[in-house]
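To start, the structure under review is shown below, and the notes come after it.
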Amino acid sequence: MFSKIQNGRLVIDRRDVIRGGLAAGAAAFLPAGLAHAKGEAPIGQTETIELGDASSVDVSALNPGELAVIMMNGTFVGILRRTEDQQNAAAAVEGALSGETDADRTVDAEYLVAELKCLHRGCYVAYTGESDRTFVCPCHRTSFDAAGRVISGKTSRSLPFIGHTIENGVVSFAEG
Ligand code: FES
């Protein structure tokens with residue numbers, strides 16, 4: 001892992017991030033020791049980035065369309081720096097299946113911060129990099145937009161929102 005904790009902050013290195021487009025057949029790219037059963041880890045993840053004792057994450061190195069996946073409190077949390085297309089596509093959708101607006105799902109329109117867990121049966125989703133079907137669950141194909149809301153599939157429940165603030169590319173997690 002190239003990302004490092006410095007002064008209580010996890011600083012993300014771009015060599016650790018997921019760029020999308022790997023959803024179909026991504027397992028072929030994973031080193032043998034990291035091969036996971038379907039849905040046990042986010043697809044495209046090559047190393048686990050641990051939050052450890054840090055309470056904030058510097059994602060300023062991310063380019064639009066890149067996703068940092070962090071192991072936090074025993075689960076995988078994604079920080080997606082959304083492209084303009086992803087932001088526009090999410091803002092254009094009123095409500096989706098959950099009834100939530102894009103603004104309900106984001107603190108800063110440029111970033112989505114959510115647990116990457118599909119609430120149908122708990123599989124971790126794959127990041128596609130697309131604007132509409134941004135995440136897809138590998139288990140039963142539920143698809144999610146760039147706000148983490150379900151577009152179609154087996155549940156109407158969004159990817160769980162993680163409380164946070166964002167300033168200058170630094171995500172700070174809410175206490176408790
Ligand atoms: Fe995601 Fe079933 S666990 S669709």
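Note: hydrogens, waters and symmetry copies are ignored here, and every other heavy atom, side chains too, is used. Counting starts at 1 for both ligands and their atoms, in listed order. By convention here, the first residue in the shown sequence is residue 1.
Of all the N, O or S atoms in H140, the one closest to atom 2 (Fe) of ligand 1 is ND1. Looking at H120 and atom 2 (Fe) of ligand 1 together, the shortest N, O or S contact belongs to ND1.
Checked against the 2.5 Å cut-off, the SG-SG distance between C123 and C139 falls under it.
More than 12 heavy-atom neighbours from other residues, nucleotides or ligands sit within 6.0 angstrom of CG on N63.
The distance from ligand 1 to the heavy atoms of C118 drops below 4.0 Å at these ligand atoms: 1 (Fe), 3 (S), 4 (S). Per-residue contacts place T142 under 4.0 angstrom from the following atoms of ligand 1 (heavy atoms of the residue considered): 4 (S).
Among protein heavy atoms, the minimum distance from atom 3 (S) of ligand 1 is reached at R121 N, 3.2 Å.
Checked by atom type and distance alone, the side chain of D58 never pairs as donor or acceptor with a backbone atom of V170 at under 3.5 Å.
Rounded to the nearest 0.5 Å, atoms CG (L10) and CD1 (I5) are 5.5 Å apart. Taking CD of E40 as the reference point, atom OH of Y124 lies at 10.0 Å (rounded to 0.5 Å).
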